[in-house]
Amino acid sequence: MERYQNVKLIQNYRIDFIVLILFLLFGGFLRLWNLSVPSFWVDEVNTVFAADSLTKTGSPTLPSGMIYDRALLHTYTVALFYHFFGVSETTTRLPSAIFGLFSIIMAYFVGREIFSRKVGLLSAFFVTFSHFEVGWSRTARMYILLQFIVLLVVYCFVKGFENKKWERRKTQLPEEKLTSFTKIGSFLKMNGLSIPWLLVCLILIWISTFSVHLLTLFLLLGILLYLFSMALVTLFKEEGIRKILNKYVITSLFGVLVAIGLWIFLPKLREMTRYFLSYTPPWAAGPSSAQRKLRLFEFLISSDRFPFAAFFFLGGVQIITRRNKLGWILLWGFIAPLFLLTFIFTHRVPTYLFYVYPFFLMIAAFSFVNLLENETSIMAKDSFLRHKLIKGGLLSLFFLIFILSPWFRITLHIPFFGDGVTNMAVTPDEWKEATRIVRKRMKDGDLIISSLPQVALYYKVHSDYGLNWSNLKQAKEKEFKNKDGKWVDVYAGVKCIESLNELKSLLKTYPRGWLLVTKYHLEHVIITPPEVRKFIEENLGKPYKTKRDTVLIYNWNNLS
């Protein structure tokens, strides 16, 4: 019997290996094909200049002279690719695509470790073909790296804190042995604890928090809530000394004490926390959709994500009713960031939920697998449906609910989208085409003004001024000035236009010039005040437009 089980286990691993290879092949195509077609999205350019500077000077410096120390691990990774392959859209985005493939693998391992191999495979399938996953895997930002590390953290936590191998033995051991500290190694093993795995988990959390993104701390809250939940269950379930001397109660108390200690003795942490809780970036202020309380909830239940939300809610109920202990790790790991971003922080964007999005997909996969298994068991009772071909056909039809859903069909088209089309994560502006139009027609002495001078600079159009009140506000916050006391864009280092009168004065001073402005920036009142937009539209004539109208190019010649 044991030999049969071992053979069956090996066969399952072989099947899983083959299926994962297929997922990686499909996922690789979706993430790598036409990777250089879209223009750089604005935030990608910061990574480009910082990584390029790293390879040349050893410092992640932007053209403005500012040190770009955000997500340094990601910047160093991109710099490594620049060292071997040079600077381009493809080499800049390639690390994200690779980490996206790693996330597919980790989704399988986490899903298998917490639920089952079937859930692991279905989770890997969802991550492979989710358009939200594919979109960020094609964007040169740190978010996919953060997701990969978070999946690693959860896997290491489960291996280090919830060792399934010792679960049976623990229930068979006498109370005194479970609570004995005379043999630390035995105590750790019998309680499902592994110091090496936990050390790796803590190291990854440290690296992710300080070298990738502070959003990692939200995951820590989710883990702490999991420990609290299990501690409460233990207090009601166990008797005697087991009720108090168990890993959940001890680690919960330790976590609370550490949090209180950090809050009391690290005033900088308090200041930083208050700052982030109250900070609203200019692009998210005013009438922005980021101010809607239910923005993230609407994102999760949107039609292009059907039917993930339904299965997620069903999976959450099943985790509770089936008393799936490990499932609570994913449930709290997802709910904690969702709650904080929705009700505590000042702005809400799906981007910040991306790093725990696989948890959402895994819980949906869990409920879907449970539903399939229930229906399979019912069909097996009917002699007519015992025929494997019929049963397999019925299950295949049931599985088509995902294949025919919008998210899957959208994903298949992403590699073929042109410039200026959303990849379901970000929407690039057509700066390649816009700068080509200007370079072809500009003359020496022309004044160049742009709403995103750093992007224009990468595509070889050097701006003299930046027209972006959001960047102006940022320059004032950071007190970023040039020698003449003029506010300077913190990214490209060009002077900021500060008023409509200044813009009028420049247009009168320079007989010829160009204004490159994204349509989004022109229409966003926080970035372009209404009176400035009105002046541009009424005095600079009809603009050149890129193919999809994402960038408008105004030209003036002898403007009176």
Does a side chain donor of either Ser39 or Asp419 reach within less than 3.5 Å of an acceptor in the other side chain? yes
Shortest non-hydrogen contact between Ile144 and Ser137, atoms and distance: CD1-OG, 3.7 Å
Note, Leu227 side chain near Phe161 side chain (heavy atom, < 4.5 Å): yes
Parallel, tilted or perpendicular: which describes the rings of His413 and Phe417, with under 30° parallel and over 60° perpendicular? parallel
For the student: nearest non-hydrogen atoms of Ser130 and Thr411, plus distance: C-OG1, 3.6 Å
Decide yes or no for Val48 and Gln454: does some side-chain heavy atom of the first lie under 4.5 Å from some side-chain heavy atom of the second? no
Nearest heavy-atom contact between Arg270 and Trp263 is NH1-O, 2.5 Å
Looking at CG of Leu300 and CZ of Phe360, how far apart are the two atoms once the value is rounded to the nearest 0.5 Å? 5.0 Å
Test of ring centre spacing under 6.0 Å for Phe49 and Tyr68: no
Look up atom CG in Asn46 and atom OH in Tyr491, then write down how far apart they are to the nearest 0.5 Å. 5.5 Å
Using a 4.5 Å cut-off on heavy atoms from C-beta on, say whether the side chain of Asn468 contacts that of Asp489. no
Do Ile114 and Met362 have side chains that approach each other closer than 4.5 Å (heavy atoms only, starting at C-beta)? no
Residues Tyr465 and Glu502: side-chain donor-acceptor under 3.5 angstrom: no
Report yes or no: is the cationic atom of Arg441 (NZ for Lys, CZ for Arg) closer than 6.0 Å to the six-membered ring centre of Tyr544, at no more than 45° off its axis? yes
Side-chain donor-acceptor pair present, Ser36, Glu89, cut-off under 3.5 Å: no
Quick check for you: to the nearest 0.5 Å, what is the distance between Ser53 atom OG and Ile67 atom CD1? 7.0 Å
Under a 4.5 Å cut-off applied to non-hydrogen side-chain atoms, are Val551 and Lys519 in contact? no
Could you check whether any side-chain N or O of Lys440 sits under 3.5 Å from a backbone N or O of Thr435, counting only pairs where one atom can act as donor and the other as acceptor? no
Charged N to carboxylate O below 4.0 Å: is that the case for Glu133 and Arg31? no
Parallel, tilted or perpendicular for Phe129 and Phe26, by the 30°/60° rule? tilted
Please determine, by modelled atom types, if Ser302 and Arg305 share a side-chain donor-acceptor pair under 3.5 angstrom. yes
Enter the distance from Ile497:CD1 to Ile449:CD1 here, rounded to the nearest 0.5 Å. 4.0 Å
Can you tell which of Trp332, Phe345, Tyr355 makes a ring-ring contact (aromatic ring centres under 6.0 Å, His included) with Phe218? Phe345
Given Tyr155, Phe109, Phe148, the one that forms ring-ring contact (aromatic ring centres under 6.0 Å, His included) with Phe102: Phe148
Within-4.5 Å side-chain heavy-atom neighbours: Leu30 and Ile414: no
Could you tell me whether the side chains of Tyr82 and Thr92 share a donor-acceptor contact shorter than 3.5 Å? yes
Determine whether the aromatic ring centres of Phe132 and Phe299 lie less than 6.0 Å apart. yes
Using distance alone, with no hydrogens and no angle criterion, decide if His213 and Arg70 have a side-chain donor and acceptor under 3.5 Å apart. yes
With distance as the sole criterion, is a donor-acceptor pair present between the side chains of Ser88 and Thr90 under 3.5 Å? no
Pairwise distance OG1(Thr528) to NE2(His521) - rounded to 0.5 angstrom: 7.5 Å
Show, in sequence, the C-alpha distance, side-chain angles and deciding distance for Tyr108 and Phe125, and conclude whether the ring pair (Phe, Tyr, Trp, His ring centres under 6.0 Å) test is met. CA-CA 9 Å; Tyr108 163 75; Phe125 171 78; over 10 Å; no
In terms of relative ring orientation, are Tyr352 and His347 parallel, tilted or perpendicular, with 30° and 60° separating the classes? perpendicular
Are Arg512 and Trp556 side-chain neighbours, meaning at least one heavy-atom pair lies under 4.5 Å? no
With a 4.5 Å cut-off on side-chain heavy atoms, are Trp431 and Thr546 touching? no
Relative to the ring of Trp206, is the ring of Phe210 parallel (under 30°), tilted (30 to 60°) or perpendicular (over 60°)? tilted
Would Arg141 and Ser96 count as having a side-chain donor-acceptor pair, cut-off 3.5 Å? no
Give, for atom CG of Leu452 and atom CG of Leu467, the distance between the pair rounded to the nearest 0.5 Å. 10.5 Å
Tyr143 ring center near Trp136 ring center (under 6.0 Å): yes
